Amino acid sequence: MAEPVPAYSGDPEKGDIPRVSHTFKDHERGPQFDPANADIVAEDTNELKRNLHGRHMQMIAIGGAIGAGLFVGSGGALHSGGPASLLLCFMIIGLMMLMMMQALGELAVMYPVNGAFYQYIVRFIDPSWGFAMGWDYAIQWLTILPFEITAAGLTIDFWHTYNIGIWIAVFLVILSIIQIFGVRGYGEVEFILSMVKVAACTGFIIFGIIVNCGGVPTDNRGYIGARYWHSPEQAFRNGFKGFCTVFVTASFAFGGTELTGLAAAEASDPVREIPKATKQVFWRITFFYVVNLFILGLIVPSSSDVLLGSSGANTKASPFVLAIQLAGVHGLPSVFNAVITISVISVANSATYASTRTIQALAMNGMAPKILAYVDKKGRPIPTIVLQLLCGLLAFINEASSTGATVFNWLLALSGIANFFVYGSICLAHIRFRHVWKMRGHTVEELPFRAAFGIWGSWLGVVLNFLCLAAQFYVALWPIGGSPNAQNFFEAYLALPLIIFLYVIWKVYSWFKYPSHRPLWVAAKDIDIYTGMREGQFVISGEGVPDAARRQSIATLDVNKPKKWTDYPKGFFTALF
């Protein structure tokens, strides 16, 4: 075995400047997972570039969340639970996302570190649980990429049937080209694609109001009003079980909102942009989801058999396309199908970003192969990008018509309920941070951005995520119109054994390597609240800062300055538009 390359060349005592390696070859130095090589990994890794601005941050979360789940999957939810369940469940999950995003925003402003919430879970809860959350979150996006690429290819069938392999190859090439331009390229593409989706959602709201009022000449239904909420239709279909089914669909549809926190390490001004994006993303997504789905429930009958096929990227069964077809408007269904195609590509783009940054952060902290920590001079995590694109090749499994769908279902099942654990863990990490923050003598007034509902909001987030898991368990075990089935249950809940497996792996490994990781959770007295803290925050909250200086610095924070009554309506409209 070759001797490892020395960390530096030259003699510092003679005035030589230490050489920091930035080549992929030199990055291979040192035995894998040896804690003594942590400095080598950090030394050989260039920093991620802070090239994301406010507009990118806002659209990144919208881009990851608004996709096939809204435009297609909502149809199955409408058929299962009816328009009232659809509206209520999405409002409840919107509340859950508000609690989670507020907690994540507070942590991300304080600690804009690479890896974001995975790091917070490691620090404030338990390293083994953080390892499990980080890897399951990464696996989730690794498997979603080939699924979304396949979905994008299937949307083309709306116009003409081609071999799906052609479009898979085209979309993989497009995603590969985007990666060449680094995080700025990703941000710009996501901004443009998300603007298209936002415009489509806004357009559908206007279109739906006109249809509901009987303003479309080709629609012989005339004024519709709330007709589909009353007999012979049903506002609530299939009772409580139907409600739980919609609850699960809504939970998955909002997935991707947390990408704002993940992008904290690449934000040009985290203190200003993360709070703004946190507020705007929630209101925009809630507005576009809740209002669109309310309109949808007014103009599309939930009893329509067309909605039975609403899953994946079956755009022919999309409730939005169906709404346009019921109104008799020609040409517009093709326009909306193009929007759905763009949405799916956007989610695939987000999947590439989410998985690469999470895995790179895991590797930086010794929880993944060291080689995956490498970042080149332009801020691109090349090894993780290659890994993600290789996973994208799994989309070609669809060429095996007999087994492709089965393989895909089990791949997606590996992380089916991952978001519930991640979101709940973010809220729990925030609760523990606030506890230790107070225990160390700090006050809420020192925080540059604070969660609007404090720790009680985070506790509500934990409870709602638990209810999501319970609802998923219920409908997985007793599906609508079916009996308990082992395959259906494990397709819905396979992620739980995977999370437990990942947790045990790190707990066993660290038992011998890192004795401090042995406890079930990090003791409050051992939690470090200073490492990784935003540089400007040390002036206020650093160790040893005199009380007088701290109070003076607190007074200068924007969050502590008195607000005028005009700031509140201005903030609302700014957040929305």
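Small disclaimer: the values here were computed from a predicted structure and weren't measured. Just so you know, residue 1 is the first one in the sequence shown, and it goes up from there.
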> Can I205 and N292 be said to form a side chain to side chain contact (heavy atoms under 4.5 Å, CB included), step by step?
Replying inline: CA-CA 6 Å; I205 290 172; N292 268 278; 3.6 Å; yes
Enumerate donor-acceptor pairs with a distance under 3.5 Å from any side-chain N or O in residues 456-467 to protein atoms, sequence neighbours excluded.
unit_1	atom_1	unit_2	atom_2	d
S458	OG	H430	ND1	2.7
N465	ND2	G461	O	2.7

> What is the minimum heavy-atom distance between A351 and I144, and which atoms define it?
Replying inline: CB-CG2, 4.3 Å
> Between CD1 of I426 and CE of M100, what distance do you get to the nearest 0.5 Å?
Replying inline: 5.0 Å
> Backbone N or O of V339 within a donor-acceptor pair of the S343 side chain at under 3.5 Å?
Replying inline: yes
>> Going by salt bridge (Lys or Arg N to Asp or Glu O under 4.0 Å), name the pairs with one or both residues in residues 452-465, residues two or more places apart or in two chains.
In response: none
> Within a strict 4.5 Å, meaning less than it, do heavy atoms of the C468 and N419 side chains meet?
Replying inline: no
> Quick check: does any side chain N or O of E446 sit under 3.5 Å from a backbone N or O of T443, one acting as donor and the other as acceptor?
Replying inline: yes
>> Restricting to salt bridge (Lys or Arg N to Asp or Glu O under 4.0 Å), what partner residues turn up for K241, sequence neighbours left out?
In response: none
>> Using 30° and 60° as the class boundaries, would you call the ring planes of F433 and Y111 parallel, tilted or perpendicular?
In response: perpendicular
> Does T356 use its side chain to pair, donor to acceptor, with the backbone of Y353 at less than 3.5 Å?
Replying inline: yes
> Going through the distances and angles, do T352 and L145 end up as a side chain to side chain contact (heavy atoms under 4.5 Å, CB included)?
Replying inline: CA-CA 7 Å; T352 304; L145 176 63; 3.8 Å; yes
> What are the two closest heavy atoms between K197 and S346, and how far apart are they?
Replying inline: NZ-OG, 3.1 Å
> Can you name the side chain to side chain contact (heavy atoms under 4.5 Å, CB included) partners of V475, sequence neighbours left out?
Replying inline: C244, T245, V248, Q472
>> Could you go through S74 and Y289, starting from their C-alpha distance and side-chain angles, then the distance that decides it, and tell me whether this counts as side chain to side chain contact (heavy atoms under 4.5 Å, CB included)?
In response: CA-CA 10 Å; S74 58; Y289 264 94; over 6 Å; no
>> Among Y137, W506, Y514, which residue satisfies the ring pair (Phe, Tyr, Trp, His ring centres under 6.0 Å) criterion with F131?
In response: W506
>> Measuring from atom OG of S128 to atom CG of L502, what distance do you get when rounded to the nearest 0.5 angstrom?
In response: 11.0 Å
> Step by step, would you call F320 with I340 a side chain to side chain contact (heavy atoms under 4.5 Å, CB included)?
Replying inline: CA-CA 10 Å; F320 289 80; I340 296 173; 5.7 Å; no
> If every non-hydrogen atom of V246 is compared with every non-hydrogen atom of C89, which pair is closest and at what distance?
Replying inline: CG1-CB, 3.7 Å
> How far apart are the closest heavy atoms of R440 and A524, and which atoms are they?
Replying inline: NH2-O, 3.4 Å
> Looking at L78 and G297, what are the two nearest heavy atoms and their distance?
Replying inline: CD1-CA, 4.4 Å
> Which heavy atom in T358 sits nearest to a heavy atom in G134, and how many Å separate them?
Replying inline: CG2-O, 3.4 Å
> What residues, two or more places apart in sequence or in another chain, satisfy ring pair (Phe, Tyr, Trp, His ring centres under 6.0 Å) together with Y493?
Replying inline: F473, F489
>> Return the OH to CG distance between Y118 and N365, rounded to the nearest 0.5 Å.
In response: 4.0 Å
> Can you list the residues that meet the side chain to side chain donor-acceptor pair (under 3.5 Å) rule with Y423, with sequence neighbours excluded?
Replying inline: E258
>> Within this structure, what is the CZ-CD1 distance for the pair R434 and I529, rounded to the nearest 0.5 Å?
In response: 12.5 Å
>> My understanding is that only residues two or more places apart in sequence, or in another chain, count here; which of them pass side chain to side chain contact (heavy atoms under 4.5 Å, CB included) with A429?
In response: L107, Y120, F124, I125
>> Within the 4.5 Å heavy-atom criterion, are V344 and F71 side-chain neighbours or not?
In response: no
>> A side-chain contact here means heavy atoms from C-beta on lying under 4.5 Å apart; do L293 and L87 qualify?
In response: no
> What do you reckon, is CZ of F490 surrounded by more than 12 foreign heavy atoms closer than 6.0 Å?
Replying inline: no
> salt bridge (Lys or Arg N to Asp or Glu O under 4.0 Å) with R432: which residues, sequence neighbours excluded?
Replying inline: none
>> Has T143 got a side-chain atom pairing as donor or acceptor with Q140's backbone, closer than 3.5 angstrom?
In response: yes
>> Once side chain to side chain contact (heavy atoms under 4.5 Å, CB included) is applied, do any residues pair with F453, and if so which ones, sequence neighbours excluded?
In response: L98, M99
>> Could you check whether any side-chain heavy atom of P383 comes within less than 4.5 Å of a side-chain heavy atom of I359, counting everything from C-beta outward?
In response: no
>> Could you measure the distance from the OG atom of S510 to the CE atom of M367? Nearest 0.5 Å is fine.
In response: 7.5 Å
> side chain to side chain contact (heavy atoms under 4.5 Å, CB included) with F421: which residues, sequence neighbours excluded?
Replying inline: W129, M133, I417, L469, L496, I499
> Roughly how far, to the nearest 0.5 Å, is CZ of R518 from NZ of K507?
Replying inline: 10.5 Å
